[in-house]
Protein chains: 2
Amino acid sequence: MINNIKKTRKTTQGQIIIEELTKTYTHPDATELYEKVKKRLPKVSLSTIYRNLEKLVNEGVILKLDIDGSPARYDSHTHPHYHIKCTNCGKIDDISLKQNIAVDKIIEKKYGYKMVKHNVEFWGICPKCKDKSNDLQKTKQKTEPH
Amino acid sequence: MINNIKKTRKTTQGQIIIEELTKTYTHPDATELYEKVKKRLPKVSLSTIYRNLEKLVNEGVILKLDIDGSPARYDSHTHPHYHIKCTNCGKIDDISLKQNIAVDKIIEKKYGYKMVKHNVEFWGICPKCKDKSNDLQKTKQKTEPH
DNA sequence: TTGCATGCAAAGTTTTTGCATGCAG
DNA sequence: CTGCATGCAAAAACTTTGCATGCAA
């Protein structure tokens, strides 16, 4: 529908940006990735990071995770998967889950939309934070019995 | 786990903000709501809108929709439902869908998170934009036959 | 009276853009 | 060569914060 064909050039910056993103499994945001790239290319600018990330997202090479209004995070794992964010420490983990295609069909029929994609986000307390909170409660129970 | 108890005061601004949001079915962002409230309270400030919306979100009275990195949109319909965003015009519609609680349990077991909530977002082309695009294609077929 | 909520202005945060220059094709 | 990509700085877009004052309880 929209003409996406655009010649793109292979640049050192672009190359290193995708390399560093691929090496990173923590879904970095633009600034975090910038710090990593800067170690190899000290003069790189943050806008180059943004411009390259945007290009890669448009090409479908990487995923942009816009969760919660916090800075967008990027993910070079493009096999279908979802994400869970810790409501305590903000960490994002991958979730593998069978994609439910039937839902898309149901909604196309019911609402008249032509479905493009869907996404599922989960929020929870990660194992590490859960343990910490348990420890705290135990301590409380010891020092402040009912 | 976190102490959320806080006395809040009933103010004219807060009252009108929730009233106007409830009257609005288009999931307005803070600025749009600000314009509506300003018609009744010309001296209201945008930060009051933000502060009240944040309070209402924390109290669970309204929903904050953070989709796509665009400005956050707010929704006073708190019965469980999802959203679909038109990739063409940006409109957001409600989606009623049976909540799949089983998924939460599966993920708790598999990933060790304590589940808090989940959300599903859909992207598609809304009926109106779909029609427009069809019309365009028909015109093209007339004027530029293969 | 007390201190939470407001209006205003300023600042913060994240992302985008304009422009001269650099470099890939 | 040509013009897309870059670095830098500035601006834009959205949201939060500091502070003096207002007003609900």
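Letters go in sequence order (proteins before strands), and every chain restarts at 1.
Under a hydrophobic-cluster definition in which Ile, Leu, Val, Met, Phe, Trp and Tyr are linked whenever side-chain heavy atoms come within less than 4.5 Å, directly or via other members, A:Ile106 and B:Val120 are assigned to different clusters.
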*Verify side chain to side chain donor-acceptor pair (under 3.5 Å) between A:Trp123 and B:Asn119, making sure each step is shown before the conclusion.*
CA-CA 8 Å; A:Trp123 284 262; B:Asn119 184 37; over 6 Å; no

*Evaluate the criterion side chain to side chain donor-acceptor pair (under 3.5 Å) for residue pair B:Asp94 and B:Tyr25; output intermediate values, then yes/no.*
CA-CA 9 Å; B:Asp94 290 337; B:Tyr25 292 86; over 6 Å; no

_Evaluation steps, side chain to side chain donor-acceptor pair (under 3.5 Å), between B:Lys110 and A:Ser96_ = CA-CA 10 Å; B:Lys110 194 165 166 193; A:Ser96 310; 5.2 Å; no

*side chain to side chain donor-acceptor pair (under 3.5 Å) assessment of B:Ser47 paired with B:Ser45*: CA-CA 5 Å; B:Ser47 42; B:Ser45 81; 3.1 Å; yes

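Of the side-chain N and O atoms in B:Thr11, one or more sit less than 4.0 angstrom from OP1 or OP2 of C:dT6.
A donor-acceptor pair shorter than 3.5 Å cannot be found between the side chains of B:Lys91 and B:Thr26.
Along DNA chain D, the nucleotide nearest to B:Thr12 and the one nearest to B:Tyr50 differ in position, and the one closer to the 5' end is contacted by B:Tyr50.
The nearest whole Å value for the distance from the CD atom in A:Glu54 to the C1' atom in C:dT14 is 14 Å. Look at CG on B:Leu65: it is 16 Å from C1' on D:dC14, rounded to the nearest Å. Put simply, CG on A:Asp68 is 13 Å from P on D:dT15, counting in whole angstrom units. The separation between B:Lys10 atom NZ and D:dA25 atom C1' is 12 Å, rounded to whole Å. Rounded to an integer number of Å, the gap from B:Glu59 CD to C:dA5 C1' is 13 Å. Remark: C1' of D:dT16 and CG of B:Asn52 are 14 Å apart, rounded to the nearest angstrom. D:dT16 atom P lies 10 Å from atom CG of B:Leu53, rounded to whole Å. Taking atom CG of A:Asn58 as the reference point, atom P of C:dT16 lies 11 Å away to the nearest angstrom.
A donor-acceptor pair is defined here as one N or O able to donate and one able to accept, closer than 3.5 Å; such a pair exists between the side chain of B:His81 and the backbone of B:His79.
The aromatic rings of B:His27 and B:His83 sit perpendicular to each other, their planes meeting at more than 60°, with 30° as the lower class boundary.
For residues 16-25 of chain B, every residue pair satisfying the salt bridge (charged side-chain N to carboxylate O under 4.0 Å, His left out) rule, not counting sequence neighbours, is listed here: B:Glu19-B:Arg40, B:Glu20-B:Lys23, B:Glu20-B:Arg40. Sorted by first and then second residue, the salt bridge (charged side-chain N to carboxylate O under 4.0 Å, His left out) pairs with a member in residues 25-39 of chain B read B:Glu32-B:Arg73; sequence neighbours excluded.
No close placement of the B:Tyr82 and A:His118 rings is indicated, their centers lying 6.0 Å or farther apart.
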Could you go over nucleotides 7-9 of chain D and give all protein N or O partners under 3.5 Å, atom names and distances?
unit_1	atom_1	unit_2	atom_2	d
D:dG7	OP1	A:Gln13	NE2	3.1
D:dG7	OP2	A:Ser45	N	3.2
D:dG7	OP2	A:Thr48	OG1	2.5
D:dG7	N7	A:Arg51	NH2	3.0
D:dG7	O6	A:Arg51	NH2	3.1
D:dC8	OP2	A:Lys43	O	3.4
D:dC8	N4	A:Ser47	OG	3.1

Any N/O pairs under 3.5 Å between the protein and nucleotides 1-3 of chain D? List them or say none.
unit_1	atom_1	unit_2	atom_2	d
D:dG3	N2	A:Arg9	NH1	2.3

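Screening A:Leu21, A:Asn52, A:Thr22 for a side chain to side chain contact (heavy atoms under 4.5 Å, CB included) involving A:Ile62 leaves a single residue, A:Leu21.
End-to-end axis angle of the helix from C:dT1-D:dA25 to C:dG25-D:dC1, using five pairs per end and rounding to 10°, comes to 40°.
To the nearest 0.5 angstrom, B:Ile107 atom CD1 is 4.5 Å from B:Met115 atom CE.
We find that B:Lys114 and B:Glu108 are joined by a salt bridge, their nearest charged nitrogen and carboxylate oxygen being less than 4.0 Å apart.
The stretch residues 24-39 of chain B does not touch DNA chain C, since none of its heavy atoms comes less than 4.0 Å from the strand.
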